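Residue indices begin at 1 and follow the sequence shown. What you are looking at is a predicted structure, and each value in this text was computed from that prediction instead of being measured.
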Amino acid sequence: MTTFAQDRGDPLASAPPDRDPPLLEQVPDVDPAAIRTASADQAVRLRVVPYAFDRGVLLAAMIDPGDFAASDELSVTAGVPVRRVGATAEVFEQLLRGAYGITAAQMAARLAGQDEPSDDLSSNLESVEAADLHRMAEQPSLINLVNLIILEAIRARASDIHVEPFEKSLCVKYRVDGVLVSRDSPPRHLQPAITSRIKIMAGMNIAERYAPQDGHITLRFEGRKIDIRVSTVPTIYGESVVMRILDKESIRLDLETLGMRATDRDVMARWIDLPHGMILVTGPTGSGKTTTLYAALTKLYDPRLKIITIEDPVEYELGGVNQIPVNPKRGLSFASGLRSILRQDPDVIMVGEIRDAETAEISVRAALTGHLLFSTLHTNNALSAVGRLLDMGIEPFLLSSVLEGIMAQRLGRRLCPHCRARAPLNEASRHRLASVEAAMFPDGLGFDAAGCERCDGAGFRGRVGFYEMAPMTSELRRAVSERATTQQLSRIIGPSYVTMRRDGIIKASQGHTTVDEVLQATQDAEEIPAV
């Protein structure tokens with residue numbers, strides 16, 4: 001394989017590796033002149049570290065020496081040919097830290113003393129003109145700082161980046177596995193420039209600082225596409241910025257990987273195979289409902305099926321699926337979009353959320369007319385979804401006819417499999433467990449987080465779902481048609497019903513998570529009363 005530059009005889013083309021290229025298994029000696037050919041954020045973004053020269057050719061350590069795009073970009077930047085040299089992940093990380101020794105916090109510290117404004121200027125944002133903000137945001141050092149903040153968040157597996165201005169400080173936080181983690185933050189006086197740089201990257205109006213805005217950033221990291229949704233809102237000390245990182249390749253759209261037990265996967269498989277009907281997933285915001293529906297659509301995908309979704313927003317692109325983003329400014333709501341979808345002759349429909357009576361009615365009608373429809377609701381448990389839809393004005397006999405199953409879910413942090421350890425349950429946790437649940441932990445021993453290098457000392461890596469599945473039976477259908485309450489439905493479904501909490505306790509006893517994680521995640525979900 002040759003690059004375009006090599007085909008045309010460009011002297012700056014990446015030099016091909018040896019026929020049997022060496023693999024760096026220990027950190028080599030580093031030439032400072034070679035290091036200076038690439039910036040820190042470029043090295044992190046491209047996953048390449050230039051470390052030495054060999055007869056006019058720049059040697060570059062790479063985890064993937066077959067990444068021609070990265071070596072070509074480095075060759076153009078350095079102005080010399082590049083030879084790709086493979087390196088193990090451990091050697092590469094040591095070389096990267098040793099060569100640059102820089103993080104976003106360190107870069108911010110370097111900028112802290114540069115042109116620091118007076119307290120009056122820092123506190124009075126109205127005195128900063130839009131043209132000045134643009135110049136500040138285009139400074140190379142400021143660009144590198146913002147790039148490093150984003151790249152470090154992606155490498156830390158963060159789902160969100162929060163930039164929060166306060167009176168005397170600027171806080172940067174990453175949400176990792178559902179928990180906000182504070183980072184070493186930049187100095188307060190850089191807040192206008194950092195915010196403006198993010199808004200420029202997201203295509204937003206930097207002159208508008210007193211109204212909420214939304215934007216979008218697309219970048220490539222380690223050869224994969226990363227989408228970032230940006231939201232700003234004005235506060236008394238400046239604009240608060242939240243960046244939602246959508247990295248499709250960082251998640252596995254697979255029900256088993258999400259933490260669903262085999263018995264629950266069998267139930268979901270039966271729902272997916274239905275020719276028509278309504279399947280609901282319930283839970284609060286951030287409980288993983290959309291990811292579960294994506295996994296279901298991925299599992300049922302068949303090129304012979306027409307699958308259409310309407311979402312707000314489209315979080316991940318699914319191959320072979322027609323995905324429609326809601327756009328209220330142009331009159332495209334869930335209800336109006338769903339009406340249009342029905343004219344597209346779909347087999348499977350996914351509605352991102354049933355928010356109002358109109359969307360609920362159209363969804364039920366769609367399920368009645370031969371479509372398999374998936375959607376979400378905001379309820380605390382599965383059976384409460386019935387009451388919510390009845391409150392929206394759905395006729396009980398229609399709902400009982402189309403509803404095929406309801407699933408509720410929560411998310412908890414997953415224990416790192418490399419360092420989890422047996423540990424006695426604490427007194428508070430033991431006190432909150434029912435006798436049946438406590439019996440799952442012989443000798444009162446559960447699992448706890450220890451912390452290691454692979455999980456950055458947190459003891460957790462990733463998240464696991466806690467699920468409860470409520471398939472519709474003839475008894476439940478009859479009760480729904482008679483407007484039964486949630487408590488009455490709970491008594492009908494029987495003692496074999498596994499709630500989210502019980503599902504989580506089972507997983508805690510198997511070492512997937514901790515009891516405390518389960519109790520915290522499911523504390524708002526009402527338990528099914530014993531029969």
Side-chain angles (χ1 to χ4, degrees), residues 1-104 106-107 110 138-156 201 217-226 247 249-250:
M1 178 178 179
T2 57
T3 64
F4 176 76
Q6 291 169 338
D7 288 341
R8 73 187 184 193
D10 194 321
L12 297 185
S14 298
D18 297 334
R19 180 169 299 177
D20 185 15
L23 180 68
L24 293 176
E25 297 181 352
Q26 58 183 8
V27 179
D29 294 332
V30 174
D31 182 348
I35 294 298
R36 288 193 293 270
T37 61
S39 64
D41 69 296
Q42 185 182 30
V44 172
R45 176 171 55 84
L46 299 178
R47 305 298 284 163
V48 54
V49 177
Y51 65 91
F53 288 99
D54 180 15
R55 290 172 292 184
V57 175
L58 182 62
L59 305 182
M62 306 175 68
I63 293 180
D64 178 14
D67 188 348
F68 290 90
S71 59
D72 284 352
E73 181 176 331
L74 177 61
S75 179
V76 171
T77 302
V80 295
V82 171
R83 178 176 298 146
R84 303 176 297 277
V85 180
T88 64
E90 182 178 356
V91 168
F92 181 85
E93 294 298 331
Q94 292 180 17
L95 185 59
L96 182 65
R97 288 194 297 268
Y100 293 97
I102 190 166
T103 64
Q106 290 168 333
M107 180 170 285
R110 294 183 185 182
E138 293 297 335
Q139 294 297 316
S141 55
L142 196 285
I143 293 174
N144 288 340
L145 171 60
V146 173
N147 289 347
L148 278 177
I149 289 174
I150 296 174
L151 294 174
E152 283 186 354
I154 296 172
R155 293 181 64 192
M201 295 172 68
I217 300 172
T218 300
L219 55 86
R220 300 198 69 82
F221 176 74
E222 297 182 0
R224 65 183 190 268
K225 179 182 175 183
I226 307 290
D247 182 2
E249 296 185 23
S250 69

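The OH atom of Tyr51 sits 11.5 Å away from the CG atom of Asp31 when rounded to the nearest 0.5 Å. Taking CG of Leu46 as the start and CG of Leu74 as the end, the distance is 7.0 Å to the nearest 0.5 Å. Atom CD1 of residue Ile154 and atom CD1 of residue Ile149 lie 12.5 Å apart, to the nearest 0.5 angstrom. Residue Leu219 holds its CG atom at 8.5 Å from CG of Asn147, rounded to the nearest 0.5 Å. One finds the CD atom of Gln26 at 9.0 Å from the CG atom of Leu24 (value rounded to the nearest 0.5 Å). Atom-to-atom distance recorded for Ile143:CD1 and Leu148:CG is 12.0 Å, nearest 0.5 angstrom.
Between Lys225 and Asp247, the shortest heavy-atom contact is O-OD1, 4.2 Å. Nearest heavy-atom pair, Gly56 versus Pro81, reported as atom, atom and distance to 0.1 Å: O-CD, 3.9 Å. Counting all heavy atoms, side chain and backbone alike, Arg84 lies closest to Ser71 at CD-OG, 3.5 Å. Residues Ala34 and Ala52 approach most closely at CB-N, 3.4 Å, considering heavy atoms.
Leu96 places a side-chain heavy atom less than 4.5 Å from the side chain of Arg47. Within the 4.5 Å cutoff, the side chain of Met201 has heavy atoms near those of the Ile150 side chain. At a threshold of 4.5 Å between non-hydrogen side-chain atoms, the residues Pro28 and Leu95 count as touching.
Taking Asp54 as the reference, Arg83 meet the salt bridge (Lys or Arg N to Asp or Glu O under 4.0 Å) condition, with sequence neighbours excluded.
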Subject >> Step-by-step side chain to side chain contact (heavy atoms under 4.5 Å, CB included) determination, Val49 to Ile35 >> reply: CA-CA 7 Å; Val49 177; Ile35 294 298; 4.2 Å; yes
